[in-house]
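This report refers to the structure that appears directly beneath it.
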Amino acid sequence: MEKTKGRRIAAILFMCLFVFLAVCAPFAGIYIAGRYIPPQYSATYYGALSDLYARLKDTTGKKIVVLGNSSVAFGVDSALAETLLREAGLDYSVCNFGLYGSLGTKMMCELAYGEIGEGDVVIFTPELFAQSLSTYFSAEEAWYALDSDMSMYNAFPKETKGELAAGYIGYTAKKLALYEEGTPASGSGVYAHSSFDERGDLKNYARPNNVMPDGVDENNPIVFEESLFSSDFVNFINDYAEKVRKKGAEMYYSFAPMNAGAISFGELERIADFYDCIEEKLQFPIISNIEDYILEKEWFYDSNYHLNDSGMQVRTVQLVNDIKNQFGNTTKTDYDLPEKPVLPDEGVTGEGDNTDADMFEYRLDGSYYTVVGLTEAGKAAEELVIPYQVDGIYVKAFLPVVFFDDKNLKSVTIQENIHTLPNGSFLGCDNLERIVLRHSEPAEISVGYELLNGVPGSCKIYVPEESLSEFANNYFWGRYAKQLEGYTE
C-alpha cells in the first residue's frame with residue numbers, strides 16, 4: 001500500500017515537472033524522462049530497437065545493413081547471412097535493421113544513417129504496403145521505441161526531432177501512468193523484446209508454421225500498383241541513397257517476401273510493369289527478381305510479409321545469392337534448405353455462448369458454418385453474440401457484410417471461435433458502442449487497418465483486463481490502442 005502511494009506521489013510530481021519542461025524546456029524534459037523514470041516499454045517489441053541500434057553502432061569493419069520493416073525482423077537471419085557471405089569470400093558483418101512498420105520506414109532510415117560508413121552496403125527492402133512506402137512517422141510510437149535508449153534521439157535530423165517533441169507529452173503521460181501502476185508495458189507471444197537474440201535476430205520465439213486462417217491475411221491483400229510509391233517517399237529515399245553514396249557506401253533495393261496466397265486476382269499479370277515502374281522511380285539499383293520473393297503460404301507465419309522459421313532461412317539464402325550476384329561472386333551457396341512446413345489443422349473445439357444463434361443466417365463451408373447475414377430478429381437487436389456453434393456445427397467466420405448499415409446494433413461480442421475480423425465489418429453501424437472480444441491473446445484473432453471504418457469515434461474495443469497491455473502493445477492490435485478497454489467477467 002505504501003509502495004503504491006509513493007509511486008502515485010512521485011508520478012504526480014514528475015508529471016507537473018514534465019508538463020512545465022515540455023512547454024518551457026522540452027529537451028531538458030526529454031533528458032529527465034530518460035534519466036529518472038525507469039523504461040516502461042523495454043519488454044515490448046518496441047524495446048528491441050535499442051538492441052538493433054547498439055549492434056549497428058558497435059559493429060566495426062565493413063557491414064551490410066538490411067534496412068526495412070518487420071519483414072526484415074521476421075525474414076532475415078543475420079548470423080546465417082554473415083556465415084554464407086564469408087564462406088563466399090565476402091568479409092562483411094550483417095546487421096538487421098527492420099522492426100515495426102508503424103514506426104515508419106523513414107524513422108528506420110534516419111536512425112541507421114549515422115552508423116553507415118565507407119565500404120558499407122545498405123539493402124533497402126520495404127514491404128509493398130502504402131504506409132511502408134510513405135514518409136509516415138508516428139512520434140508517440142517512436143518514443144516507445146526510444147524509451148529503452150534515449151540516446152537514439154540524437155541520431156535524428158532537426159525536422160524529426162520537432163515531430164518527436166510534438167508526441168512527447170502523450171508518451172510521457174502514458175509512461176507515468178504505467179510507472180504509477182507498477183505495471184510496465186508487456187509484450188505478447190513473438191511480439192516481445194525477449195523474442196530477439198543477442199544479434200537482434202528474431203529467433204528466440206518458435207515460429208514453426210503458418211498460423212493464419214487458411215494461411216492468408218485476407219485483410220491485407222497484395223497488389224502491384226504504381227501508386228503505392230508516393231512521390232514524397234520516392235524523393236526521400238532517392239535523396240537518402242545519394243547521401244549514403246556520398247559516405248562511400250552503396251545502396252540497393254530488394255523485394256520483401258510476399259505471400260502468394262494473398263496476391264489479388266489478376267495482379268500477377270502486372271508484375272513486369274510494376275518492376276519497370278520501380279526501376280524508373282528509384283535512383284539506385286534493384287538486385288532481386290520480384291518473382292523470387294513471392295513465396296507459397298506455407299513459408300509465412302502471421303502476416304503476408306512475416307515468415308516462419310523455415311521461411312526465414314529460405315529468404316536469407318535468396319538474399320545472400322542476390323548480394324553475391326550483384327558483387328559478381330559466382331561461388332555456390334552450400335546450404336540445405338528446410339522442408340516446407342505443413343499448414344496445421346484449423347479445427348474449432350470447445351464450448352461457447354450460442355444464445356443468439358437464431359439471430360444469424362449461415363452458409364456451410366466444408367464442415368463449418370460461416371455467418372452470412374442477420375435474420376429479421378437479428379436486425380432489430382441492439383446486442384448480439386456471434387455463436388460458437390449451431391446444431392452441433394461450429395461457426396468459424398463471418399462475412400464483412402453481416403452487420404452492414406445496422407443502425408440498431410450497439411454491442412457485438414466475438415468469441416474465440418472467430419479468428420479474423422474483416423476490414424469494414426461494421427461499416428454504417430452508426431450506434432455501435434462496444435466490440436467485445438473473448439480472446440485471451442491478441443495472436444488468437446487477426447485484424448487489419450480498417451476494422452473501425454464507418455464506426456463512431458466513441459466506439460470501444462473491449463478485451464479481457466489481464467490481456468489489455470498485450471493487445472495495446474501488439475504489432476497488429478496496437479493501432480487500436482486508443483480504442484481498447486479492459487473488462488472483467
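Everything numeric in this text was worked out from a predicted model, so none of it was measured.
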A side-chain contact here means heavy atoms from C-beta on lying under 4.5 Å apart; do [X] and [Y] qualify?
X	Y	result
F229	L128	yes
T160	M107	no
Y368	N417	no
F403	L427	no
W299	P341	yes
V211	Y301	yes

Applying salt bridge (Lys or Arg N to Asp or Glu O under 4.0 Å) to R315 and not counting sequence neighbours gives none
Tell me, please, which residues at least two apart from K203 pass salt bridge (Lys or Arg N to Asp or Glu O under 4.0 Å). D77
Tell me the salt bridge (Lys or Arg N to Asp or Glu O under 4.0 Å) pairs involving [range], sequence neighbours left out?
range	value
residues 412-422	none
residues 375-384	E376-K379, E382-K410
residues 132-144	E140-K174

Is a donor on one side and an acceptor on the other found under 3.5 Å between the side chain of [X] and the backbone of [Y]?
X	Y	value
D214	V216	no
D197	N204	no
T125	S254	yes
T413	V385	no

Please table the atom pairs, donor to acceptor, closer than 3.5 Å between any side-chain atom in residues 462-473 and protein atoms at least two apart or in another chain.
unit_1: S467; atom_1: OG; unit_2: S440; atom_2: O; d: 2.6
unit_1: S469; atom_1: OG; unit_2: S186; atom_2: N; d: 3.1
unit_1: S469; atom_1: OG; unit_2: S186; atom_2: OG; d: 3.3
unit_1: S469; atom_1: OG; unit_2: N473; atom_2: ND2; d: 3.4
unit_1: N473; atom_1: ND2; unit_2: S469; atom_2: O; d: 2.8

Step-by-step ring-ring contact (aromatic ring centres under 6.0 Å, His included) determination, Y144 to Y46: CA-CA 6 Å; Y144 302 157; Y46 298 109; 5.4 Å; yes
Just jot down the side-chain hydrogen bond (donor to acceptor under 3.5 Å, both in side chains) partners of H439, sequence neighbours excluded, or say none. none
All side-chain hydrogen bond (donor to acceptor under 3.5 Å, both in side chains) counterparts of N96, not counting sequence neighbours: D201
Within the 3.5 Å criterion, strictly below it, is a donor on [X] or [Y] matched to an acceptor on the partner's side chain?
X	Y	result
D217	N220	yes
S138	S102	no
K175	Y179	no
N69	S71	no
T355	D353	yes

Just how far is it from atom [atom1] of [X] to atom [atom2] of [Y], taken to the nearest 0.5 Å?
X	Y	atom1	atom2	answer
L421	I461	CG	CD1	8.0 Å
L67	T105	CG	OG1	8.0 Å
T420	I414	OG1	CD1	11.5 Å
S50	K57	OG	NZ	11.5 Å

On a heavy-atom basis, the closest approach of V342 and N209 is O-CB, 3.9 Å
Partner of F137 under side chain to side chain contact (heavy atoms under 4.5 Å, CB included), picked from E110, E163, E159, is E163
Under the ring-ring contact (aromatic ring centres under 6.0 Å, His included) definition, can you give me all pairs with a residue in residues 194-227, not counting sequence neighbours? Y45-F196, F224-F274
Go through the steps for F300 and H306 under the test side chain to side chain contact (heavy atoms under 4.5 Å, CB included), then give the verdict. CA-CA 6 Å; F300 289 81; H306 292 178; 5.8 Å; no
Carefully, step by step, assess Y191 and F74 under the rule ring-ring contact (aromatic ring centres under 6.0 Å, His included). CA-CA 11 Å; Y191 296 99; F74 278 79; 5.7 Å; yes
With sequence neighbours excluded, residues passing ring pair (Phe, Tyr, Trp, His ring centres under 6.0 Å) with F233: none
Report, as yes or no, whether the 6.0 Å neighbourhood of atom CG on D391 holds more than 12 heavy atoms from other residues, nucleotides or ligands. no
Tabulate below the donor-acceptor pairs under 3.5 Å that side-chain atoms of residues 430-437 make, not counting sequence neighbours, or state none.
unit_1: D430; atom_1: OD2; unit_2: K407; atom_2: NZ; d: 2.7
unit_1: N431; atom_1: ND2; unit_2: K407; atom_2: O; d: 2.6

Under the side-chain hydrogen bond (donor to acceptor under 3.5 Å, both in side chains) rule, what pairs show up with a residue in residues 257-267, not counting sequence neighbours? N259-N304, E267-R270
Measure the acute angle between the ring planes of F255 and Y253, then classify it against the limits of 30° and 60° as parallel, tilted or perpendicular. perpendicular
Evaluate the ring planes of Y369 and Y362, with Trp represented by its six-membered ring, and classify them as parallel (under 30°), tilted (30 to 60°) or perpendicular (over 60°). tilted
Y100/Y475 aromatic ring centres below 6.0 Å: yes
